[in-house]
Each structure stands twice: as C-alpha cells, then as structure tokens.
Amino acid sequence: MEQPALTADPARLATAVRRGERRALAEALNLLDDRRPASRRLAADFLRHLQEGQPGDPGHLIGMTGPPGAGKSTLTAALIAVWRRRGLRVGVLAVDPSSPISGGALLGDRLRMKTSADDDGVFIRSLACRGEFGGLSAEVWPMSLVMLAAFDVAMIETVGVGQREIDISRMCDTTCFVAQPGSGDSVQFLKAGILEVPHVLVVNKEDMGAVARRTLSELGTALGRAHTDGNWEVPVLSASATAGTGIDALADALTRHREVLGAGDRLRARRRRYQAHWILKRLQEEFGSHGVGQLGGEQAVLQQLASRDTSLFEQLESLRQTLLQPGGKHA
Amino acid sequence: MSETVKRDRPWLMRTYSGHSSAKASNELYRMNLSKGQTGLSVAFDLPTQTGYDSDHPLARGEVGKVGVPIDHIGDMEALFDQIPLDQMNTSMTINATAPWLLALYVAVAERQGVDPKQLQGTTQNDVLKEYLSRGTYIYPPGPSVRLTTDLISYTVENIPKWNPTNICSYHLQEAGATPTQELAYALSTAITILDAVRDSGQVTPQRFPAVVGRISFFVNAGIRFVEETCKLRAFNEMWDKLVQERYGVSDEKQRRFRYGVQVNSLGLTESQPENNVQRIVLEMLAVTLSKNARARAIQLPAWNEALGLPRPWDQQWALRMQQVLALETDLLEYGDLFDGSPVIAAKVQELIAGAEAEMTSVQEQGGMVQAIESGYVKRELVKSHTRRIRDIESGDLKIVGVNCYTQTAESPLTAGTDSGIMKVDVQAERDQIAALQAFRANRDQAQVDVSLAALRAAALGGDNIMPCSIACARAGVTTGEWSEVLREVFGEYRAPTGIDIAMAGQVGSAAMDEVRARVRRTSEELGRPLRLLIGKPGLDGHSNGAEQIAVKGRDAGFEIVYEGIRLTPAHIARAAQEEGVHLIGLSVLSGSHLELVEDIRAELATIGASELPLIIGGIIPEDDARQLLTHGVQAVFTPKDVDMNAIMNKLVDIIRRSNGLEALA
C-alpha cells in the first residue's frame with residue numbers, strides 16, 4: 001500500500017535500506033517518487049537518516065548514456081553479470097521516455113537486463129522521464145542516493161543524448177557514453193561538446209566489425225586526452241554486449257575512475273558540488289531563471305548549497321517552499 | 001451426378017488435437033480417423049514445445065493442457081499405438097524442439113519396422129515467427145536458423161517425402177498482420193531459410209531445387225474471404241517468381257506454392273459463439289474456392305475455442321464442415337473459378353505490390369533475422385493489431401454479437417452441465433510426472449550420457465543435429481535433457497516485445513479523455529503516477545492480449561512495466577515489488593490460470609507484498625473465473641471484454657479501492 005508501517009518510520013526505513021532489504025528499498029523508492037507534501041516531509045526525514053547513519057561515502061554512482069539503440073541495456077546487463085561474479089551488489093535506475101500526450105510510459109528496459117529472479121544482489125527500478133511533471137530530476141537524484149546506500153555499484157541508465165541526459169550523468173561519479181557504430185551520431189555529439197562530459201567511452205557492438213572499428217577510431221582521435229576533471233585520461237573502449245567481449249575491460253575502466261576519485265572529504269565535496277549544480281538546474285526547470293533570481297541568483301544558490309551541512313534534499317525542499325509559498329517570492 | 005464427372009481429390013482433412021497424455025490422445029486420434037479424418041495434426045503441450053520435461057518447475061500446471069506431453073520415446077510410441085506410420089500423414093506443430101520430435105518420430109517408426117524413407121508429414125519448424133507471435137522459441141535466431149536448416153537438409157536426403165518446414169503466415173495474422181504483411185514476412189522468412197540451407201553447404205547445388213520443392217507454408221484465412229482468396233493467389237504468383245529468379249528452379253512441380261491452413265482463431269468470439277460456425281465455413285471457402293490456390297491440407301477450429309477446450313463432438317462438427325464441402329457440393333468438379341476475373345486480378349496485383357515493397361524494406365535491413373532482432377517486424381505487427389482493436393472499439397470494424405447486435409436469446413449449446421467445453425483431467429499431470437520418473441529410473445544411463453555428449457559435440461562442432469538426435473531418442477533421452485544441452489551451447493533468447501510503437505495516429509475520444517482524467521486524478525491522489533506490471537507467467541507465448549493492454553495502458557497514462565513472455569511466478573512477484581507497481585495484470589491463455597495465480601500469490605506473500613492487487617485476462621471458463629475471484633483476484637477479463645476503455649476504468653477502480661480511495665462517479 002502507499003504508506004505502510006515501514007515508510008511511516010523514516011529511521012527504521014533508512015536502516016533497512018542500508019541493509020539492502022528489498023521490500024524497504026522498494027518502499028523507499030516509492031516514497032521518493034511521491035509528490036504529496038506529507039510524503040515529501042517523510043522523504044526529507046528519511047534521507048537525513050540515511051545520510052547520518054552512513055559514515056564515509058561508499059559506493060560508485062555510474063551514469064550510462066548514449067543514443068537510442070546503442071545497446072545500453074544489454075551492456076548494462078553484461079556489466080551486471082561481471083560485477084556479480086566479482087561479488088559486487090548492483091542497483092539500477094533505468095530511465096525510459098514517457099508519452100508527451102498521456103504521461104504514460106512503457107518501461108521495457110528490464111526485459112533486456114533480465115537477471116535471475118532469485119538474485120538478491122541486483123535491484124532494478126524503471127523510471128519514466130516524466131516531461132510535463134518537471135522532469136525526471138525530481139526523482140532520479142534522491143533515488144540514486146538510496147541505491148548508493150544499498151549497493152556497491154549504483155547505475156543510472158538514460159536514453160538519448162539531449163542536454164538533460166547529460167545533466168543526469170553529470171551528477172554521477174563516473175559517466176560512461178555508449179556509442180553506436182556507424183551511426184555518424186558520435187561526430188555530431190563531438191561537435192555539440194557532449195562528449196566532453198563522459199569519463200569512459202565505449203563503442204558497443206564490436207562484432208559488427210569494420211563499422212565499429214571506424215567509429216572507435218573517430219572517437220579515439222578526438223578523445224585521447226585528459227578529462228577536464230583533471231588527473232584522468234579518457235579511455236575509448238570497444239565491446240560487444242551480445243558477444244560478451246570487452247565487458248571485463250569496461251568494468252575495470254569504470255572502477256579505475258572511481259579509484260582516482262578517491263574517498264573522504266575530497267570525494268564528498270565533489271559529489272556535493274555535482275549535486276548542487278544539478279539542484280540548481282532543477283530549480284531553473286521548475287521556476288525559471290526568474291525563480292532562481294528571486295533566490296539571489298545562481299552563484300548565491302550554489303554557495304548556499306555548498307556551504308551548509310544539512311542534507312541537500314532538505315535544502316532543495318526548503319528553497320522550493322520559499323518559492324512556492326503563497327505570497328512568497330515566486331509571484 | 002453423372003458417373004463420368006471427374007472430381008478433384010479432396011485436400012487432407014485434419015483436426016489440431018492432443019491433450020492430457022499420449023494414451024488419451026492416441027484414443028482421440030483413432031476415433032477421429034474412424035470418422036473420416038485423413039491425416040493427423042498433433043498438438044503438443046507447452047513444456048514439450050519449449051523443451052522442458054513434465055516435472056520441471058516451469059511446467060507446473062501446463063502438462064497436457066494445450067496438447068499432448070511427450071517426454072521420451074515411450075510417450076511417442078504410445079501416441080501412435082496401432083497407427084501404422086507408413087500409412088499416416090502426420091503434421092506436427094513443433095518449432096524450437098522440431099528436430100527432437102522428428103527424431104522421436106523416426107525412432108518410433110523404426111520400432112514399428114517402418115523405413116523412414118516412407119514417412120509422410122510435416123514439422124512446422126519455423127522458429128522465426130515464434131519470435132513474433134506464439135512465443136515458443138528457446139534459442140537465439142542464429143542457432144534456431146541452424147537447427148531449422150539441419151532438419152531440412154537431413155530430410156531432403158533421408159526422409160524425402162517429409163515437409164521439413166511449414167513457413168507460417170498463420171501466426172503473423174494472429175499477431176495483427178494485414179494480408180500484405182503476411183505475404184511479405186512469410187516470403188522473407190522463406191528467403192532467410194532457403195539462403196541458409198544453400199549457404200550451409202549441406203546440400204549440393206544439383207539437389208537444391210528438391211529442397212525448394214519441399215518447402216511448404218501454413219496460412220491463415222480470415223473472415224474477409226474475397227481478399228483472403230486473393231492473398232493466396234498472390235502467394236502463388238510471388239512464390240513462383242521468387243524461386244525461379246532467386247534460386248533458379250525450373251521444374252514446375254518444385255515451384256508450386258504448397259500450403260496447409262488453419263482458419264482464423266483470433267476472430268472467433270466468446271459472445272454468441274454459435275456465430276463462429278458460419279465464420280469458420282466462410283473462411284474455409286477462402287482457401288478452397290480457387291482451384292489454383294487451393295490448400296493441400298485444412299484443419300478447422302471448433303466453434304467454441306474462445307470459451308475453452310473443445311470436446312470431441314465440437315471437433316467432429318468442424319471435420320463435418322470440410323466433408324460437406326468436399327463431398328456434397330460440386331466445388332471439386334470445376335477448374336479455377338477466378339481465372340480471368342479482372343476484379344480478382346486487380347486485387348491480387350495490389351497485394352503483390354504492397355508485399356514486394358515491404359519485402360524490399362526487410363531486405364534493406366539485412367533480412368528477416370535482423371528485422372526481427374531490431375524489433376522492426378514486431379513493432380509493425382503490434383501497430384496493425386492496435387489499429388484493428390481501435391476499429392473494433394469505435395465500431396468501424398463490425399463484429400456481429402460483439403459490437404453490434406449484441407442482444408441474444410439464451411444459447412442451448414452452452415447450457416449443458418459442462419458449459420459447452422471440455423475439462424482436462426487434473427490427475428493427468430501427476431500421472432505423467434510419475435511415469436516420466438519411472439522411465440528415467442529404468443533406462444540405461446550410460447547410453448543416455450554417451451548420446452548427450454555426442455549431441456553436445458555436434459551442436460558445438462556444426463555437424464548436422466539430426467543423426468545424434470535420433471540416437472538420443474533411441475537411448476531414452478528426455479525432451480528436457482535434449483533441449484538443455486542445446487541451451488547450454490546456444491544460450492536462451494528473449495525477443496523484442498514490439499510495444500514501443502510510436503504514438504502517432506493515436507485516436508482521441510471522449511471516452512479516452514475520461515479514462516485519462518481518472519488515471520491522472522488517481523495518480524495525484526496517490527502522489528505518483530499509476531504503475532501497472534503486465535506479466536505473462538508460465539510457458540504460453542500468446543502475447544497479443546498482453547501487448548494490447550500495455551499499449552492501451554500507456555495511452556491512458558499508466559506507466560507500464562512489461563517484460564514479455566515466459567516468466568516464473570517468482571520473477572513476476574519480485575519485479576512488481578522492485579518497480580513499485582500499484583497493480584499486477586496477468587495474461588494466461590494456456591489454461592493454467594488457477595495454478596499460476598496460486599503460485600504468484602504465494603511468491604508475493606513470501607516477499608511481503610501480498611497487498612498488491614492482481615487481475616487476470618485470458619481464456620478463462622466462467623467456473624474458473626468465479627474461483628479466481630474468491631481467491632483474491634480482483635477482476636477476470638476474457639475475450640468478451642472488448643471495450644478497452646472500460647477495462648482501463650476498472651483497473652483504476654481497483655487501484656483506488658485497494659488504496660482506500662473512494663470510488664469515482
């Protein structure tokens with residue numbers, strides 16, 4: 001049901017989520033999806049408990065993006081298999097587009113990520129990119145915190161390569177771009193500057209042969225250089241999800257990037273910075289630049305988000321409330 | 001009638017049948033033959049079709065339901081007890097496990113002392129269409145095409161009178177194909193298979209025309225019987241041209257378009273089911289009237305198939321329809337009735353033009369395998385089917401007794417104590433399992449192991465799969481063991497669902513707007529979008545209904561989680577929980593609804609999700625529906641429920657009720 005006992009007790013829910021209890025995970029994700037004011041308050045409470053009870057910054061949040069048909073889901077499935085063999089537990093947030101007319105959506109990615117029904121080490125939640133609802137954003141970020149708390153690897157898979165998808169992956173520790181051989185898209189993305197975001201590039205379907213090798217070489221020449229993030233050389237890999245080749249190397253590259261990020265304050269600060277940028281985008285999306293202006297402008301908001309020690313979700317909520325208040329700043 | 005009038009020989013008359021056990025089915029076959037049936041058409045149960053032994057967990061509730069269970073040579077022998085195989089023409093609706101069932105048939109013939117060279121019949125052996133409709137595929141397309149070509153190459157040399165494959169357009173129509181699509185996809189499949197046989201190098205170029213000559217088709221005939229007649233004439237013309245141009249076949253006999261038919265079952269209605277009798281008769285005319293495009297073999301469904309399993313009397317009625325047409329009417333005394341008709345010729349050319357364009361599109365995508373793997377073909381079929389459903393809903397497509405003239409007097413046909421259908425013996429599954437386990441205990445295990453090792457070696461190494469499969473059959477290998485070895489070598493496949501069709505062309509209506517408003521309002525009250533998981537548990541692969549609900553649900557504003565066919569109850573329960581859905585909708589057409597619902601409820605209880613409401617759709621007899629409703633199922637939908645908006649509203653009502661919201665006016 002919508003609010004059973006577990007959800008009503010945010011502290012207990014947080015403990016159960018950290019233990020990886022599947023029912024608690026499902027309920028926590030439902031709660032974070034819930035837009036009713038009472039649920040938002042519970043959600044804020046829950047996320048605070050989740051963070052407080054969790055010293056350090058565990059896990060690895062990976063964003064997987066790329067054009068439709070590049071085989072992201074099958075590649076994710078192949079990665080899941082590798083991670084499971086290595087004893088890692090994996091949580092996935094799979095994002096599908098929704099219908100702009102009805103708001104309805106078909107969430108089909110699970111089909112391609114089929115895992116054994118009795119494997120407790122994998123958890124997949126599909127999300128619709130709910131356009132008119134203020135974007136996928138409102139759910140995917142807090143949900144990723146839940147996945148990070150419960151799993152060794154948390155993954156966000158997004159369709160398409162629009163700016164929004166790049167935003168989503170920008171808030172991850174590691175962003176992986178999956179290229180489709182021979183589509184010509186890659187060059188377009190290159191021109192659009194989109195390929196400056198990913199930390200790992202992979203050309204899927206290397207079993208296609210020459211076409212895949214050509215795409216690999218196109219990307220290779222352009223990206224054999226340091227990432228703007230610093231201290232990281234972007235690897236350009238080749239794999240085939242269906243033939244099962246190159247998957248271990250891809251998993252290794254992703255892990256290597258996570259290791260470079262390190263731990264402790266530095267990682268925490270990075271995550272907070274990324275998330276703050278992302279929260280700013282969400283506020284702009286919901287209230288426009290006028291709304292952000294009411295809060296003192298971009299820099300002021302970012303500063304405020306970076307400085308305070310309270311949870312970012314609570315800050316987001318409180319900023320939203322400020323703007324939503326009757327007679328408030330947002331006219 | 002004058003003595004001198006020369007009549008054509010009638011087509012083969014069959015009834016698609018088999019149930020419960022080999023013994024019960026054998027009795028049924030012998031009874032049918034004594035009534036004048038001239039060939040057999042074996043229906044296998046789903047575990048046999050999908051390569052599981054009767055005691056496999058996935059087989060629970062499915063054993064003997066939609067056909068006969070065949071676990072090993074003992075079952076196959078019992079199935080043909082007192083039926084001499086050298087005199088029989090047997091059609092087997094079998095695909096992923098076709099090489100195995102043919103191997104068993106050959107081994108039984110040997111035991112009867114019959115030379116395999118004398119065997120006549122057909123293995124359906126068309127896995128490609130299983131990815132699009134029906135769903136009894138196991139392996140990925142590549143290995144499946146290889147198994148198909150192995151069987152073809154083997155029979156051409158060793159069982160020369162056998163039809164090794166029946167390329168099916170039948171199931172494409174059931175999945176929504178228009179006549180043009182039927183033509184295009186069936187012929188594209190034939191090209192894929194023939195190219196594969198040619199390229200496999202198993203048949204010499206000199207023998208290749210013999211391969212082409214053995215290819216036959218399995219076609220559907222719908223109620224638009226004039227157009228259907230034209231479709232078959234178009235098939236004739238296109239095939240003749242294709243095999244000459246692409247494969248250089250010159251012998252007229254080897255170029256003939258040979259086909260068998262089952263007339264349309266999808267269009268049979270649950271409401272006023274007696275109307276199905278005239279539908280079946282009219283559809284039979286489509287495949288018999290034109291002599292030059294007449295079927296070689298016909299099987300008719302029974303009038304009550306939309307209600308449940310037909311009884312022997314219902315099947316007899318279907319056989320008598322064929323006999324009256326062939327024996328009483330003067331149809332077989334004339335040449336082709338349509339040659340020279342400009343109306344028919346124009347329609348045939350129109351169909352050919354459309355089909356050729358679509359075939360070109362498939363070829364440009366690299367052929368049928370690529371077009372299936374990319375989801376293209378399935379998407380096109382789901383689009384056509386969705387269009388049809390919308391036309392029925394709007395009344396543009398009239399179905400008497402369903403969306404017009406729905407008033408009816410009570411039917412005496414369904415008034416009996418059996419409600420006009422047959423009930424499968426629930427004891428049959430237990431008996432089959434006990435017999436299988438006894439069989440396993442009594443065989444020479446060393447011989448089994450050696451045979452399976454040889455099978456694995458052939459699968460890996462590329463030798464023809466048939467000789468070692470026949471050796472497995474003789475050694476007492478089981479259906480599940482044979483299939484499992486190949487699963488290990490080839491892997492398992494999950495096909496695209498095709499439900500990601502474009503929203504363009506979506507029809508708005510007042511009723512639809514109201515549904516959307518209800519969905520939106522309930523979403524707002526519950527704080528998040530309504531989510532619905534559509535699950536197909538068990539082995540049944542008939543997914544059209546599930547797909548249509550998925551597409552409609554999305555149009556109505558639901559977020560739909562759909563993973564395709566053949567899921568275990570545990571998988572469905574866990575997916576529902578992981579995805580945080582508000583409702584689980586199950587689709588079951590195999591008759592295993594009672595067992596599967598029980599299993600899913602048990603799984604939900606295990607993971608602490610018993611509160612999730614369940615609904616079910618399928619071919620569900622009224623008695624069972626009542627039972628399901630008292631066992632926690634919130635609603636049961638059957639083919640009678642054609643108003644999709646009403647179904648959607650009901651789903652919203654159930655979600656509201658189970659979340660403590662007041663009912664909407």
Side-chain angles (χ1 to χ4, degrees), chain A residues 1-4 6 21-40 43 68-69 74 77 91-92 94 96-120 122-128 130 133 139 242 244, chain B residues 140 373-375 492 494-497 499-501 503 506 508 512 515-516 519-520 523-533 550-564 567-580 582 603 607-609 611-612 658-660:
Chain A
M1 308 307 242
E2 281 306 301
Q3 289 191 9
L6 206 50
E21 288 175 21
R22 305 180 70 81
R23 186 180 160 199
L25 274 164
E27 286 184 11
L29 295 173
N30 294 353
L31 175 66
L32 294 176
D33 206 3
D34 194 330
R35 287 156 185 278
R36 289 175 294 189
S39 305
R40 301 289 285 191
T74 24
V92 181
D96 267 325
S98 38
S99 153
I101 300 171
S102 68
L106 292 167
L107 307 170
D109 284 344
R110 294 185 70 85
L111 172 68
R112 289 181 290 272
M113 292 184 202
K114 190 187 177 232
T115 51
S116 157
D118 43 19
D119 184 357
D120 272 339
V122 182
F123 193 105
I124 300 169
R125 169 65 66 104
S126 312
L127 289 172
R130 299 161 192 153
F133 251 56
E139 301 86 26
T242 47
Chain B
E373 282 180 328
S374 71
E492 279 184 82
R494 293 192 75 70
T497 59
I499 58 170
D500 49 340
I501 55 172
M503 297 294 289
Q506 188 179 349
M512 188 67 187
V515 173
R516 283 188 191 146
V519 171
R520 204 174 306 122
S523 295
E524 277 159 19
E525 287 177 60
L526 292 177
R528 60 193 183 103
L530 296 191
R531 304 191 121 205
L532 167 61
L533 179 131
V551 171
K552 181 75 185 187
R554 191 236 353 225
D555 288 8
F558 284 94
E559 291 185 0
I560 305 287
V561 179
Y562 175 61
E563 294 183 82
L567 303 175
T568 61
H571 185 109
I572 288 174
R574 294 176 69 119
Q577 185 180 55
E578 281 183 29
E579 293 294 356
H582 295 91
E603 293 290 346
I607 60 174
E611 76 285 354
L612 268 179
S658 58
N659 284 284

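By convention in this document, chain letters (A, B, ...) are assigned in the order of the sequence lines, proteins followed by strands, and residues within each chain are numbered from 1.
One distance of note links CG of A:L29 with CD of B:E578; it measures 9.5 Å at 0.5 Å rounding. To the nearest 0.5 Å, atom CZ of residue B:R531 and atom CG of residue A:L127 are 6.0 Å apart.
Of all non-hydrogen atoms in A:D34 and B:L526, the two that sit nearest each other are OD2-O, 3.7 Å. In this structure, B:E559 and A:A128 approach most closely via the heavy-atom pair OE2-CB, 3.3 Å.
Both the backbone and the side chain of B:A575 come within contact range of chain A, judged by heavy atoms closer than 4.5 Å.
Formation of a donor-acceptor pair under 3.5 Å by the A:R36 side chain with backbone atoms of B:E525 is found in this model. For B:E579 (side chain) and A:S126 (main-chain N/O), a donor-acceptor pair under 3.5 Å exists by modelled atom type.
Considering only residues two or more places apart in sequence or on other chains, B:A550 meets the side-chain contact (heavy atoms from CB on, under 4.5 Å) condition with A:L106, B:I499, B:I534, B:I560.
Considering only heavy atoms from C-beta on, B:R574 comes within 4.5 Å of A:D120 through its side chain.
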